[in-house]
Amino acid sequence: MLTDDWMQGRFVSLTPALPRSSAAPLVPGWPTRSIVLGCDYNPEQWSPEVWADDTARMRELGIDLVAINIFGWAHLESEPGVYDFAALDTVIGLLHEAGIRLNLGTGTASPPPWLSRLHPEILPQSAEGVTAWPGGRQAWCPSSPVYRERSLALVEQVAARYGRHEALALWHVSNELGCHNAHCYCDTSAEAFRTWLEARYGSIEALNASWGTAFWSQRCRDWADILPPRTTLSAGNPAQRLDFRRFSSDAQLEQYRAEAAVIRRHSTAPITTNFMVTAHIQALDYFDWADDMDLIANDHYLDHRLTDPIAELAFSADLTRGIAAGDPWMLMETSTSAVSWQPVNHAKGEGELERTVIGHVARGADSICFFQWRASQRGAEKFHSALLPHAGATGPAWQRSVELSALLDRLEPVVGTRVVARAALVFSWESWWATGADTHPSGLLRYLDEAHRYHRALRRHGVTVDMVRPGDDLTGYDLVIVPTLYAVSDVAAAIIRDAVSTGAVALITPFSGIADDSDAIRLGGYPGAFRDLLGLVVDEFRPLAERATVSLESGATASIWTEAMSTSSAEVLDRFVDGPAAGLPALTRAAVGAGAAYYVGTVLDDLGLDALIGRLCGEAGIPTRSLGDGVDLVVRRGDDREIVFVINHRDEAVTLPLTGRDLVTGALLDGPAEIPAGAVRAVLSERSDRGA
Ligand code: GAL
């Protein structure tokens with residue numbers, strides 16, 4: 001536990017040996033020794049002599065779970081309807097003998113070359129009409145009936161053969177659905193889009209009204225007039241684009257559902273697929289997918305194109321937990337060191353593997369799996385790191401894998417506990433999509449950047465945040481952050497209002513509540529959905545040029561966005577000193593019922609953000625700690641225990657008061673503890689408030 005006032009002294013000191021967590025295992029009926037350690041395994045890339053060595057080494061490393069048959073299609077079905085399972089039978093047999101459980105791929109991720117030779121119509125097309133050819137992976141149109149039929153025929157074979165296999169722990173549908181083929185603009189997709197729109201709108205009149213086709217002579221007479229948002233000469237219709245995003249997410253989900261339905265006829269094992277909750281992928285609204293998953297699994301790789309890849313990891317892990325509704329989740333893929341798909345592929349530094357893995361565990365992952373087991377010798381990923389490097393089971397890279405496995409064993413008491421958060425951040429794929437339109441007041445106000453900024457600021461204060469979807473119940477949260485919720489339904493806006501009136505502190509940031517969920521402007525003054533709650537009206541947006549900054553009376557600096565607002569019931573807390581909104585309010589607070597609604601009409605610099613977060617947490621009664629960037633402080637709690645995670649990514653020590661047994665080093669801590677540069681702590685203590 002964290003001692004001093006941080007947790008208000010609700011915990012007694014440590015009991016050194018707590019029993020194994022009583023929480024249900026992540027996958028029902030699937031006993032594991034601890035945090036699950038798993039990997040992707042692609043035995044088809046290797047000759048059979050290597051397989052026995054692989055399983056022996058996996059045992060040595062303590063691998064619990066192996067994802068296989070992810071890209072197996074061309075091997076299993078070498079010509080149409082001719083299946084050969086001999087090799088997969090052998091590999092599964094070897095894994096089973098070694099006591100390793102299967103995370104069994106349906107094998108549909110990448111079709112064999114013969115399928116697109118016989119049916120080139122399955123190949124996806126870009127908005128410009130360019131065909132994506134085989135030679136890479138995932139070259140299939142998500143709406144193709146031919147691809148659907150052939151892929152389900154394969155799933156039928158795989159599920160019938162292995163659906164009751166003793167070693168089967170989990171089904172892994174396809175692979176990273178929508179990674180490369182999320183948006184297809186071909187004629188088949190156009191037809192499917194029309195069908196989807198008919199189901200959504202019922203009549204062409206309703207579609208015309210919702211899309212605002214009165215504008216620029218876009219009125220459709222017939223469903224056949226409708227196309228996907230292919231390349232246009234001028235800006236396209238934003239409502240059409242938003243619906244195409246929704247349709248495309250649903251089209252991928254349909255493929256998942258179709259494969260899962262086939263599996264269910266043969267197997268009771270849990271079914272999932274690997275999400276890509278990460279900065280540069282926005283195609284699928286995973287909140288919509290969650291109910292179809294037996295457990296939530298995510299792939300995450302550090303993205304060195306970002307300014308703070310570690311902060312993005314924390315964001316991604318929190319968002320994955322949000323999709324999982326707070327339940328423990330599975331990290332289905334990560335890398336031991338470098339990837340092979342960024343402009344420069346950075347190797348992980350000293351201790352970075354441990355820090356990044358524990359970063360996911362701290363934020364709710366109970367399983368850690370790697371891409372991949374053995375580094376490929378050939379192909380597009382041969383420079384991607386792996387648990388078993390090109391050098392073999394020798395040398396520092398292998399040693400790091402061994403040490404990580406031992407560390408995960410020591411984290412056994414964490415299994416089944418849940419992350420504690422009193423703050424919520426409302427995250428919306430739809431607002432992410434809609435805010436990205438190229439006809440808005442400023443292209444510099446980017447949805448994801450805005451959400452990240454607030455997440456980072458909370459993290460700098462040691463405040464863990466749950467990510468919730470608009471419309472989710474906010475009961476129990478003392479602080480609600482609403483970054484740039486541009487397009488919002490009446491229901492979602494009402495839930496935020498209710499949370500405030502019953503006592504929460506909410507912060508709404510610029511360009512929120514502007515449109516409804518069909519991307520039509522809410523009339524009567526911005527920000528339509530939140531105007532009354534905030535007690536103000538924004539008359540005009542006054543965005544700033546790139547790199548321009550303005551000053552605020554408080555001394556803070558801001559950039560990107562200013563606006564001209566007038567207040568009614570809101571109190572003005574800060575004003576612009578210069579820039580296009582000089583003299584006008586920049587930060588306001590309205591007392592509403594038992595709570596308070598804050599509004600910030602600009603993008604504050606880190607100093608301004610820190611002051612604001614400090615104030616909001618103070619009013620919400622959430623304890624803070626000035627950690628600064630580069631330190632994670634997260635608490636997971638079970639019925640009888642809690643674990644305080646501290647991850648120091650910085651190159652200097654940090655000191656925090658900790659009491660309990662550190663699961664990483666075994667040390668007993670009681671009082672101020674120095675966490676050296678780059679070190680990780682997971683401090684276990686007993687809860688004194690059990691059942692309270
Ligand atoms: C993932 C994918 C894996 C592998 C990995 C490399 O996106 O699911 O198959 O390509 O990236 O980082």
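Numbering of ligands and ligand atoms starts at 1, following listing order.
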State whether W46 and R374 meet the cation-pi test: NZ (Lys) or CZ (Arg) under 6.0 Å from the six-membered ring centroid, and within 45° of the perpendicular axis. yes

With I122, which of S143, P134, P111 fulfils side-chain contact (heavy atoms from CB on, under 4.5 Å)? P111

Should L65 and I100 be marked as a side chain to side chain contact (heavy atoms under 4.5 Å, CB included) after you check the CA-CA gap, both sets of side-chain angles, and the distance that decides it? CA-CA 6 Å; L65 182 73; I100 295 167; 5.9 Å; no

Taking the six-membered ring for Trp, are W429 and F427 closer than 6.0 Å centroid to centroid? yes

Centre-to-centre under 6.0 Å for Y185 and F244, is that the case here? yes

Got a salt bridge between D285 and R246, using NZ or NE/NH1/NH2 to carboxylate O under 4.0 Å? no

Name the residues with a heavy atom less than 4.0 Å from ligand 1? F71, R137, N175, E176, D299, Y301, E333, W341, F371, E381, H384

